[in-house]
Enquirer: 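I have a structure I would like to understand better, so I am pasting it below and will then ask my questions one at a time.
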Amino acid sequence: MSTSTSAKFINSVYQTVLTRNPGETEFHQAVHEVFESLAPVIDRHPEYSESAVLQRICEPERQIIFRVPWIDDHNRVHINRGFRVQFNSALGPYKGGLRFHPSVLLGTVKFLGFEQIFKNALTGLPIGGGKGGSDFDPKGKSDREVMRFCQSFMTELHRHIGQYVDVPAGDIGVGGREIGYLFGQYKRLTNAYESGVITGKGIGWGGSRARTEATGYGAVIFAQEMLATRDQSFDGRKVLVSGSGNVALYAIQKVQQLGGTVVGASDSQGAVYDPDGIDFDLLRQIKEDERARISEYAERKGGRVQYRTSGSLWSIAKEEQIDVALPCATQNELNAEDARTLVNSGVQAVAEGANMPSTPDAVHTFQKANVLFGPGKAANAGGVATSALEMQQNASRDSWTFEYTEQRLTDIMKRLHRSVQQTADEYGHPGDYVMGANIHGFSLVADAMIAQGVI
Ligand code: NDP
Ligand code: 2IT
């Protein structure tokens, strides 16, 4: 096929995705972003169109939607909706997190599951792609309420998962507490201690050291590798990190270990600007131990810290020159205007700790300005990669040290960066990590799908 014929073919598949999945805008966006990179691959590989790999890869292998009833502390009955989208098992059991947030719809889970297919392939580890979650909001709920919700959620989910079938983990709103309740209920229902059925477990009961840190650390290692291609590093650099959850916190810690200063972070209600550098221990205590708001950080640290409820975190780049931006909160949180603010500030690199945090216009703005841009499916793959290392430890009934596990994570991120970079070079787009990640991830999955026949 010529490139234009390939582009027409890809567009016709995309039109089918639009009509088949009406209203699922985030899913459409994720598919479009991958498809934009694929014309040169379809050109080179007629077998991909002949075997309808593109059409098959957009259709989840299985989608499970279920009712989750639970009773609050005042004996009131609540009904939430649970999801698990088992997207693609060409490379291994479905693998991906669970998101508990009131905004979760089927289309959200499908966008996340679709991204997960390619991200998991890029890790080089044997994991397929899936995602799940619920519109349940853990905020403001008691531990007992969260426990009852998790038990109800798992009462249905347990029949669809297993260490060789589908292995959930955390995402927004699902951390160590939720994973504990989910695993406990799975164990109770199946009467088996199947450690490898879920990842992100506590260290004392089958969890992996460095899993908590892995996504944030991995994103910073990826950014470091990008900077190194231009003989730069984090040392002495000013950084903005959005969010203040699991990914953001450990991104902040790793930036500081590498000599950078994080001058701003946020939550869904506001942002803090701390020109002296975020105090990681204080922020971690407030967010992880106390589950409090980031406004609390500004109150307790005092001094020059400012708390802002209007404007986005990224507008701090109007006041302070920012070298690196790490969006680590949620999808579409960084728009074209934010991207222009960062570019005007002189930003050198952007690595996505969150899934699809930059809008398509923002991505194009960064790329046009020659900013190093690491898309989520490459930059935040360290979390799921370390989940796969947790599965390895569970399968061998072993428990590795923090140092060894972090070294494995670092090696995986460096190898991932190299393979994405090499693919971009090979296809004539040097430095384009979006093309590199999409093409490399897609090719790995497509080749396996073809080898396994039309299923
Ligand atoms: P957490 O729940 O720990 O933290 C999420 C953070 O993002 C919080 O600060 C939260 O603020 C903010 N946030 C969430 N939703 C919104 C919203 N709609 N608008 C503004 N801010 C919001 O989640 P994680 O840190 O685990 O996840 C963050 C991102 O990283 C997500 O995109 C997730 O998919 C991605 N990711 C996570 C991985 C992991 O291992 N955990 C692995 C790879 C990617 P608030 O508390 O006010 O809601
Ligand atoms: O988006 C992600 O990669 C995650 N939430 C982590 C998935 C996992 O299985 O560890």
Side-chain angles (χ1 to χ4, degrees), residues 26 92-104 108-109 111-120 122-123 125 127-133 137-140 166-179 197-201 207-208 210-219 222 241-252 265-272 283-284 286-288 291-295 297 309 312-313 326-334 351-358 375-391:
E26 291 163 335
Y94 310 108
K95 180 83 194 90
L98 297 171
R99 176 176 292 190
F100 292 170
H101 192 275
S103 64
V104 169
T108 322
V109 180
F111 119 65
L112 290 162
F114 187 73
E115 287 284 292
Q116 201 81 44
I117 304 171
F118 308 105
K119 181 197 310 193
N120 292 4
L122 290 172
T123 66
L125 297 163
I127 39 180
K131 199 84 186 188
D137 186 359
K139 269 201 208 95
D166 182 355
V167 183
D171 193 81
I172 290 177
V174 178
R177 174 183 60 174
E178 290 75 16
I179 295 292
V197 71
I198 194 163
T199 60
K201 299 181 294 297
S208 174
R211 174 63 188 90
T212 302
E213 294 82 357
T215 312
Y217 277 22
F222 192 88
V241 177
S242 63
S244 49
N246 171 262
V247 179
L249 277 174
Y250 293 95
I252 293 170
S266 59
D267 63 19
S268 58
Q269 282 157 16
V272 291
L283 185 61
R284 194 209 61 74
I286 289 169
K287 297 302 296 190
E288 253 181 23
R291 298 180 187 278
R293 310 309 306 160
I294 205 167
S295 54
Y297 174 87
T309 48
S312 88
L313 167 85
L326 302 172
C328 296
T330 193
Q331 62 272 17
N332 293 324
E333 51 150 316
L334 194 163
E352 295 188 324
N355 286 306
M356 208 167 76
S358 314
K377 60 174 77 66
N380 72 42
V384 75
T386 308
S387 277
L389 300 182
E390 182 170 329
M391 291 161 71

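Reckoned from all heavy atoms, side chains included, excluding hydrogens, waters and symmetry mates. We're numbering straight along the sequence, starting at 1. As the structure lists them, so they are numbered: ligands from 1, and atoms in each ligand from 1.
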Enquirer: Can you confirm whether the side chains of R211 and T199 place a donor and an acceptor under 3.5 Å from each other?
Expert: no

Enquirer: Check each heavy atom of R99 against ligand 1 and say whether those closer than 4.0 Å belong to the side chain, the backbone, both or neither.
Expert: side chain

Enquirer: With atoms numbered from 1 as shown, which atoms in ligand 2 lie under 4.0 angstrom from a non-hydrogen atom of A169?
Expert: 8 (C), 9 (O), 10 (O)

Enquirer: At their closest point, which heavy atom of S268 faces which heavy atom of R293, and how far apart are they?
Expert: OG-NH2, 3.7 Å

Enquirer: Please write down residue, atom name and distance for the protein heavy atom closest to atom 16 (C) of ligand 1.
Expert: T330 CG2, 3.6 Å

Enquirer: For the pair K139 and R291, evaluate side chain to side chain contact (heavy atoms under 4.5 Å, CB included) and give the outcome as yes or no after the intermediate values.
Expert: CA-CA 9 Å; K139 269 201 208 95; R291 298 180 187 278; over 6 Å; no

Enquirer: Using a strict cut-off of 4.0 Å, indicate which atoms of ligand 1 neighbour a heavy atom of G353.
Expert: 30 (O), 35 (C), 36 (N), 44 (C)

Enquirer: List ligand 1 atoms under 4.0 Å from S244, heavy atoms only on the residue side.
Expert: 9 (O)

Enquirer: What part of L112 sits under 4.0 Å from ligand 2 if we count only heavy atoms: the side chain, the backbone, both or neither?
Expert: neither

Enquirer: Short N/O distance, under 3.5 Å, between K139 and ligand 1?
Expert: yes

Enquirer: Say whether Q269 and T309, considering side chains only, have a donor N or O and an acceptor N or O under 3.5 Å apart.
Expert: no

Enquirer: Report the part of R211 in contact with ligand 2, treating N, CA, C, O as backbone and CB onward as side chain, heavy atoms under 4.0 Å; options are side chain, backbone, both, neither.
Expert: side chain

Enquirer: To which protein heavy atom is atom 29 (C) of ligand 1 closest, and what is the distance rounded to 0.1 Å?
Expert: A329 O, 3.2 Å

Enquirer: Does the distance from a Lys or Arg side-chain N to an Asp or Glu carboxylate O, for D267 and K287, drop under 4.0 Å?
Expert: yes

Enquirer: Using a 4.5 Å cut-off on heavy atoms from C-beta on, say whether the side chain of N120 contacts that of L125.
Expert: no

Enquirer: Between T215, L313, D267, flag the one that comes closest to atom 40 (O) of ligand 1 by a heavy atom.
Expert: T215

Enquirer: Side-chain donor-acceptor pair under 3.5 Å between S358 and E352, yes or no?
Expert: yes

Enquirer: Quick one: does Y94's side chain get under 4.5 Å of V167's, heavy atoms only?
Expert: no

Enquirer: With heavy-atom distances below 4.5 Å as the criterion, would you say the side chains of N380 and V247 are in contact?
Expert: no

Enquirer: To the nearest 0.1 Å, how far is atom 10 (O) of ligand 2 from its closest protein heavy atom, and which atom is that?
Expert: S387 OG, 2.6 Å

Enquirer: Examine the proximity of ligand 1 to E115 and report which part, side chain or backbone, both or neither, has a heavy atom under 4.0 Å away.
Expert: neither

Enquirer: As an exercise, identify every atom of ligand 1 less than 4.0 angstrom from a heavy atom of H101.
Expert: 15 (N)

Enquirer: Does the side chain of T386 come within less than 4.5 Å of S208's, by heavy atoms?
Expert: yes

Enquirer: So between T108, N246, I172, whose heavy atom ends up nearest atom 41 (N) of ligand 1?
Expert: N246

Enquirer: If you measure from atom 25 (O) of ligand 1 to every heavy atom of T212, N332, V247, which option wins on shortest distance?
Expert: V247

Enquirer: Look at atom 47 (O) of ligand 1 and say which protein heavy atom is nearest, naming residue and atom and giving the distance to 0.1 Å.
Expert: R293 NH2, 2.3 Å

Enquirer: Would you say the side-chain atoms of N355 pair up with the backbone N or O of Q331, donor to acceptor, closer than 3.5 Å?
Expert: no

Enquirer: Under 4.0 Å from a heavy atom of G170: which atoms of ligand 2 are those, numbered in the order shown and with their elements?
Expert: 4 (C), 5 (N), 6 (C)

Enquirer: List the closest protein heavy-atom neighbour of atom 4 (O) of ligand 1: residue, atom name, distance to the nearest 0.1 Å.
Expert: G245 CA, 3.3 Å

Enquirer: Taking 4.0 Å as the limit for heavy-atom contacts, which would you say applies to Q331 with ligand 1: side chain only, backbone only, both, or neither?
Expert: neither

Enquirer: Taking 4.0 angstrom as the limit, do E115 and K119 come out as a salt bridge?
Expert: no

Enquirer: Does any N or O of ligand 2 fall below 3.5 Å from an N or O anywhere on K95, backbone included?
Expert: yes

Enquirer: Relative to ligand 2, is K119 under 4.0 angstrom through side chain, backbone, both or neither, heavy atoms considered?
Expert: side chain

Enquirer: Can you pull out the closest protein heavy atom to atom 33 (C) of ligand 1? Residue, atom name and distance to 0.1 Å, please.
Expert: D171 OD1, 3.2 Å

Enquirer: I'd like to check which ligand 2 atoms, numbered from 1 as shown, lie under 4.0 Å from a non-hydrogen atom of G97.
Expert: 7 (C)

Enquirer: Around atom 32 (O) of ligand 1, find the nearest protein heavy atom and jot down its residue, atom name and distance.
Expert: N355 N, 3.2 Å

Enquirer: Does ligand 2 have any atom sitting under 4.0 Å from a heavy atom of K131?
Expert: yes

Enquirer: Is there a heavy atom of R211 sitting under 4.0 angstrom from any atom of ligand 1?
Expert: yes

Enquirer: Any atom of ligand 2 sitting under 4.0 Å from a heavy atom of A381?
Expert: no

Enquirer: Find all atoms of ligand 1 within a distance of less than 4.0 Å from any non-hydrogen atom belonging to G243, and give their numbers and elements.
Expert: 9 (O)

Enquirer: With a 4.5 Å heavy-atom cut-off, do F100 and D171 have their side chains touching?
Expert: no

Enquirer: Would you please determine whether R99 falls within less than 4.0 Å of ligand 2 on a heavy-atom basis?
Expert: no

Enquirer: Measure the spacing between CD1 of I286 and CG of L249 and express it to the nearest 0.5 Å.
Expert: 10.5 Å

Enquirer: Once you restrict to heavy atoms under 4.0 Å, what part of C328 touches ligand 1? Side chain, backbone, both or neither.
Expert: backbone

Enquirer: Counting only nitrogen or oxygen atoms and a 3.5 angstrom limit, does V167 reach ligand 2?
Expert: no

Enquirer: When you measure from the side chain of K201 to the backbone of I198, do you find a donor-acceptor pair of N or O atoms at a distance under 3.5 Å?
Expert: yes

Enquirer: Among all protein non-hydrogen atoms, which one is nearest to atom 2 (O) of ligand 1, and what is the separation to 0.1 Å?
Expert: G173 N, 3.0 Å

Enquirer: Who gets closest to atom 10 (C) of ligand 1 by heavy atom: G133, S268, A169?
Expert: S268

Enquirer: Are any of the side-chain heavy atoms of L98 and P168 separated by less than 4.5 Å?
Expert: yes

Enquirer: Contact between V174 and H101 at the side-chain level, heavy atoms closer than 4.5 Å - yes or no?
Expert: no

Enquirer: So, do S244 and R284 sit near enough that their side-chain heavy atoms are less than 4.5 Å apart?
Expert: no

Enquirer: Looking only at heavy atoms, what is the nearest atom pair of S387 and A169, with distance?
Expert: OG-CB, 4.2 Å

